[in-house]
Amino acid sequence: MGVFQDYRFGPMAHAQIRDESTTPVSQPAADLVRRFLTDRLVDFGAYDVVLRPSSDHDGDAVVIVQVKHRLSDRPIDLKTIIETDREARDLAWANGEQRFLHLEHIYDPKQKVVSVK
């Protein structure tokens, strides 16, 4: 018998990862995630959501979700942000997206944050 070869690490597996890391999120799923995040985070100044395919530090295909926030009078509640991020992932997965969503929130440097205890 020959040496066991794991099919997941052959040339075709690498081609599939490369394809997934460049394939855009479907328009319906992207629109749902954008609308959900801007609606849910409007009180925290969310105004622009960009989804782009990428790969993580291990080379796995992911979707980077960049959420831009304006300076808001309301301090950022990190518990709300974390819960909203989880719900955005669940929404994307329920609508056919298979990659993990990495959410990046970009705030004004002067933005206040509620302390978490």
Side-chain angles (χ1 to χ4, degrees):
M1 292 185 94
V3 175
F4 175 75
Q5 183 174 1
D6 191 335
Y7 69 91
R8 295 175 298 168
F9 301 108
M12 292 308 292
H14 293 293
Q16 182 176 354
I17 290 170
R18 186 172 47 253
D19 288 346
E20 290 174 354
S21 66
T22 59
T23 302
V25 178
S26 73
Q27 196 62 49
D31 290 344
L32 282 170
V33 169
R34 273 191 207 97
R35 190 169 44 249
F36 171 77
L37 288 169
T38 53
D39 289 351
R40 181 65 65 92
L41 300 175
V42 69
D43 290 343
F44 300 117
Y47 71 94
D48 187 30
V49 178
V50 176
L51 289 83
R52 63 181 169 80
S54 188
S55 56
D56 67 9
H57 63 281
D58 289 330
D60 295 329
V62 298
V63 175
I64 303 296
V65 181
Q66 190 177 65
V67 184
K68 295 179 183 174
H69 298 260
R70 291 184 179 89
L71 181 60
S72 172
D73 292 334
R74 184 174 179 187
I76 300 297
D77 177 359
L78 294 179
K79 289 180 183 180
T80 299
I81 299 298
I82 291 166
E83 180 66 20
T84 301
D85 289 356
R86 185 193 59 74
E87 291 175 6
R89 286 184 192 102
D90 291 345
L91 180 64
W93 292 334
N95 285 278
E97 183 53 57
Q98 297 180 358
R99 295 167 287 190
F100 187 80
L101 274 65
H102 282 276
L103 285 97
E104 302 174 346
H105 294 270
I106 301 171
Y107 300 102
D108 186 285
K110 297 175 186 171
Q111 182 62 55
K112 294 188 180 187
V113 177
V114 173
S115 65
V116 179
K117 295 181 181 184

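Note: hydrogens, waters and symmetry copies are ignored here, and every other heavy atom, side chains too, is used. Residue numbers start at 1 and run along the sequence shown.
Separating the CG atom in Leu71 from the NZ atom in Lys112 is a distance of 9.5 Å, to the nearest 0.5 Å. Leu78 contributes atom CG, which lies 11.0 Å from atom OG1 of Thr84 (distance to the nearest 0.5 angstrom). Atom NZ of Lys68 and atom CG of Asp108 lie 13.0 Å apart (nearest 0.5 Å). With values rounded to the nearest 0.5 angstrom, Leu41 atom CG is found 7.5 Å from Phe36 atom CZ. Put simply, CG on Leu37 and CD1 on Ile81 are 9.0 Å apart, with the number rounded to the nearest 0.5 Å. A distance of 9.0 Å separates CG of Leu91 from CZ of Arg35, quoted to the nearest 0.5 Å.
Side-chain atoms of His69 do not come within 3.5 Å of backbone N or O of Ile106 as any donor-acceptor pair. Using a distance-only test at 3.5 Å, with no hydrogens or angles considered, a donor-acceptor pair links the side chain of Asp77 to the main chain of Lys79. In terms of modelled atom types and a separation under 3.5 Å, the side chain of Gln111 and the main chain of Ser72 share a donor-acceptor contact. In this structure, the side chain of Asp60 does not engage the main chain of Asp56 through any donor-acceptor pair within 3.5 Å. Looking at Trp93, its side chain does come within 3.5 Å of a backbone N or O of Arg99 through a donor-acceptor pair. Put simply, the side chain of Thr38 never gets that close to the backbone of Asp48: no donor and acceptor are under 3.5 Å apart.
Within the 4.5 Å cutoff, the side chain of Thr80 has heavy atoms near those of the Phe44 side chain. Looking at Ile64 and Leu51, their side chains never come closer than 4.5 Å, going by heavy atoms from C-beta outward. You'll find the side chain of Val65 stays beyond 4.5 Å of the side chain of Val50, heavy atoms only. Within the 4.5 Å cutoff, no side-chain heavy atoms of Glu104 are placed close to those of Val67. Contact check for Pro53 versus Thr23: no side-chain heavy atoms found under the 4.5 Å cut-off. The shortest side-chain heavy-atom distance between Leu103 and Leu101 falls under the 4.5 Å cut-off. For the pair Val114/Pro75, a side-chain contact is recorded, criterion being any heavy-atom separation below 4.5 Å from C-beta on.
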- Message: Could you go through Glu97 and Val33, starting from their C-alpha distance and side-chain angles, then the distance that decides it, and tell me whether this counts as side-chain contact (heavy atoms from CB on, under 4.5 Å)?
- Response: CA-CA 11 Å; Glu97 183 53 57; Val33 169; over 6 Å; no
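Below 30°, between 30° and 60°, or above 60°: for Phe100 and His102 the angle between ring planes is above 60°, a perpendicular geometry.
There is no path of hydrophobic side-chain contacts, each under 4.5 Å, that joins Tyr47 to Val49.
Checked for salt-bridge contact, Asp85 and Arg89 miss the test: no charged N lies under 4.0 Å from a carboxylate O. At a threshold of 4.0 Å, the pair Glu87-Arg40 counts as salt-bridged, since one of the basic side-chain nitrogens sits closer than that to a carboxylate oxygen.
For Asp39, the CG atom counts as densely surrounded, since its 6.0 Å shell holds more than 12 non-hydrogen atoms of other residues, nucleotides or ligands.
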